[in-house]
Enquirer: 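Here it is: the structure, laid out below.
Keep in mind that this is a model prediction, so the values were computed, not measured. Throughout, a chain's letter reflects where its sequence line sits, starting with A, and its residues are numbered from 1.
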Amino acid sequence: MIEVDGVGRSFTLRHRRGLLRGETRVVHAVRDLSFRVAPGEFVGYLGPNGAGKSTTIKMLTGILAPTTGRIEVAGLDPSRRRTTLARRIGVVFGQRTTLWWDLPLKDSFTLIRHLYKVDREVFRKRLAELCDVLDLGGFLDKPVRQLSLGQRMRGDIAAALLHDPAVLVLDEPTIGLDVVSKSAVRDFLRDLNAERGTTVLLTTHDLGDIERLCRRVMLIDHGTLAFDGTVEELMATVPGETSIEDVVTRLYTRRLPL
Amino acid sequence: MLNMARTYVLLAATWTRAAAQYPLSMAMLTLGSFILTGLDVAAIAVIFAHTTALGGFSLPEVMFLYGTSGMSFALADLLFGNIDRLTLHVKAGTFDAMLIRPASPFVQMAVHRFSFQRIGRTLQAAAVLAIALTQLSVPWQRAWMIPLMVVCGIVLFAAIWTLGGAAQFLLVDAPEVANAFTYGGGTLTQYPLSVYGGDLVRAVTFIVPLAFVNWQPGLFVLDHPDPFGLPYWLRFMSPVAALSLACAAGLAWRAGLRRYRSTGS
């Protein structure tokens, strides 16, 4: 469902030194990244801040083009076929909404129905279903800017699933949520994956997400994949440690062999 | 293309509905822009209180040039004026959100917060043009050019806005550059170009083709000799100028989008 082959992305930064002189520096956000995600998998994508998680997500969704390597998502090259791909995947950014800030949630959903060309009847059923499981009924008429973070996140997740995508990509979907909202989001994602077979890839800093949801964990550090396997295998990489927090801390802080 | 127009209308209708929830504010903004831009006409009236001709053009002729330029500019602003806000959207992360939708980010940008109240300016320019035309009695052999020149003007201004937007993919902090040409161009073309120097007129004819918004086709409609002695056939070149600038703008936008770098997080 997702294929990433030897992908790298670098950014050229320019520093001003005086009026005309400047110097350029190349930063490799991601380098030589390769992995595959099969249909129906639930994958957690971990990594310290600045490791390249969001850059990877942006390349998978076609927002950024990779500098090197090849990517295929749902059978398409994301950066070349971005708009076609948009109909096949759902994307959620935890840090900011993809909904229309000043419009009532309901209007955002109707707009999405038109943009994604979802059949009216299919949309009505799907929305009723999502309203039910995500408990959106109480705030459908409120403008998005007036929603609480938990409500907004549920709205964002519903919006990403109205067109019933085969792949759902979430960038920190549980960030800033209280325990109740967090567990509502987790339950929903687990059921979505189990019942509909939707492939899910999520990035997170919350190891609870990983323990409760993900059968497979990928850990990115300094732009390359540092670990890829099950949660049990992850625990086994640091013998003697019993909590996932400690294991991940050890993996984040160890020095990479140069 | 049809798909893009469909998306535009869809989003514009949604934004208008959102704004219509505040009817008083909508009415006041429309009236406000009508009155504010009306001051431009007051300025022209003041000039003609002291003289009978401006750059070799009579009052109705100047009003004709003002009206056609004003309509092109106001309609282009209404439809595409948002394109030069790219930097804001990139910084706020809303541009990323546009990129994950199955719709052209150009259309989404252009229509963002579409506000119908900007129509006030168009109405004001249309009123001035109507008054000018009653005074001028242009025969239909030359009047056919009027709708064509307004459309070409819209395309020219929209293309300049798009070029300005495309430049912001590379120069995140320079939206003012485009404003010099759009708002500057809007003001420049309100008056007969004969009040400016010859070098400036040659520049806006052959480099930034603002002379094709209303000056060259206007000379045809008014059957007026060119004060700068440029060839007669230039008067029919507005569609060519509009189309070439639009193509250049389209290519620049695509090139910019390929170089898009997003922001952190």
Side-chain angles (χ1 to χ4, degrees), chain A residues 9-14 29 49-50 53-55 57-65 78-104 107-108 110-118 143 156 159-160 163 165 169 171-172 175 203, chain B residues 1-22 25-26 82 88-109 111-115 169-174 254-265:
Chain A
R9 170 76 209 200
S10 54
F11 294 97
T12 314
L13 301 180
R14 283 187 187 80
N49 293 324
K53 292 192 302 298
S54 291
T55 304
I57 296 288
K58 282 172 186 169
M59 288 193 291
L60 292 179
T61 51
I63 293 173
L64 287 176
S79 64
R80 284 177 196 283
R81 306 285 309 279
R82 199 189 61 243
T83 41
T84 314
L85 180 69
R87 289 182 210 283
R88 303 191 190 174
I89 62 169
V91 187
V92 176
F93 293 113
Q95 309 260 27
R96 52 180 179 250
T97 184
T98 56
L99 300 172
W100 289 266
W101 203 242
D102 298 301
L103 298 182
D107 289 12
S108 274
T110 314
L111 254 184
I112 287 170
R113 176 177 94 72
H114 289 293
L115 286 180
Y116 287 80
K117 299 196 172 81
V118 182
D156 257 303
H163 59 294
V169 181
D171 196 5
E172 304 189 26
I175 193 166
T203 75
Chain B
M1 205 63 173
L2 203 68
N3 206 13
M4 281 168 83
R6 185 182 158 274
T7 310
Y8 193 102
V9 171
L10 177 71
L11 288 166
T14 313
W15 284 114
T16 309
R17 228 179 314 125
Q21 289 175 351
Y22 308 95
S25 136
M26 196 167 168
N82 255 319
L88 287 174
H89 287 286
V90 170
K91 283 182 180 164
T94 35
F95 195 69
D96 284 357
M98 293 178 189
L99 286 174
I100 62 158
R101 301 276 172 231
S104 144
F106 177 79
V107 171
Q108 293 183 72
M109 276 285 302
V111 78
H112 191 80
R113 283 173 192 273
F114 177 83
S115 58
F169 281 114
L170 297 175
L171 312 162
V172 178
D173 288 311
R254 271 160 189 258
L257 199 56
R258 266 201 304 279
R259 279 167 191 75
Y260 178 56
R261 302 157 50 117
S262 189
T263 49
S265 91

Enquirer: So for A:I63, is it side chain, backbone, both, or neither that comes closer than 4.5 Å to the heavy atoms of chain B?
Expert: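 For A:I63, the contact with chain B is made by backbone and side chain together.
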Enquirer: Below 4.5 Å, heavy atoms only, C-beta onward: do A:K58 and B:L99 meet side chain to side chain?
Expert: no
Enquirer: Would you compute the distance between atom CG of B:L10 and atom OG1 of A:T110 and round it to the nearest 0.5 angstrom?
Expert: 9.5 Å
Enquirer: With a 4.5 Å cut-off on heavy-atom pairs, point out which of B:R258, B:R113, B:R17 contacts chain A the most.
Expert: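 Answer, by heavy-atom pair count under 4.5 Å with chain A: B:R113.
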Enquirer: Walk me through it: do A:D102 and B:W15 pass the test side-chain contact (heavy atoms from CB on, under 4.5 Å)?
Expert: CA-CA 9 Å; A:D102 298 301; B:W15 284 114; 4.2 Å; yes
Enquirer: Between B:A92 and chain A, which part of the residue has a heavy atom less than 4.5 Å away: side chain, backbone, both or neither?
Expert: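 Just the backbone, heavy atoms under 4.5 Å.
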Enquirer: Where does A:L85 contact chain B at under 4.5 Å (heavy atoms): side chain, backbone, both or neither?
Expert: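 Contact with chain B involves no heavy atom of A:L85 at all.
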Enquirer: Give me each pair satisfying side chain to side chain donor-acceptor pair (under 3.5 Å) with a member in residues 2-12 of chain B, each pair once, sequence neighbours excluded.
Expert: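 Counting only pairs at least two positions apart or across chains, the side chain to side chain donor-acceptor pair (under 3.5 Å) contacts touching residues 2-12 of chain B are A:K117-B:N3.
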Enquirer: Which atom names give the shortest non-hydrogen contact between A:L115 and B:A103, and what distance separates them?
Expert: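 So the two residues come closest at CD2-CB, 4.0 Å.
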Enquirer: Find the distance between CG (B:L11) and CH2 (A:W100) and round it off to the nearest 0.5 Å.
Expert: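 Between atom CG of B:L11 and atom CH2 of A:W100 there are 6.5 Å.
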Enquirer: Rounded to the nearest 0.5 Å, what separation is found between the CD1 atom of B:I100 and the CZ atom of A:F93?
Expert: 5.5 Å
Enquirer: Going by side-chain hydrogen bond (donor to acceptor under 3.5 Å, both in side chains), name the residues that satisfy it together with B:R101, two or more places apart in sequence or in a different chain.
Expert: A:T98, A:Y116
Enquirer: For chain B, find which of A:L103, A:N49, A:T61 contributes the most heavy-atom pairs closer than 4.5 angstrom.
Expert: A:L103
Enquirer: Which atom names give the shortest non-hydrogen contact between B:P102 and A:A86, and what distance separates them?
Expert: N-CB, 3.6 Å
Enquirer: Please check if the number of heavy atoms outside A:R87 that lie under 6.0 Å from its CZ is greater than 12.
Expert: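 Counting neighbours around CZ of A:R87, more than 12 heavy atoms of other residues, nucleotides or ligands fall under 6.0 Å, so yes.
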Enquirer: Among A:T84, A:L64, A:D107, single out the residue with the greatest number of heavy-atom pairs under 4.5 Å to chain B.
Expert: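 The answer is A:L64.
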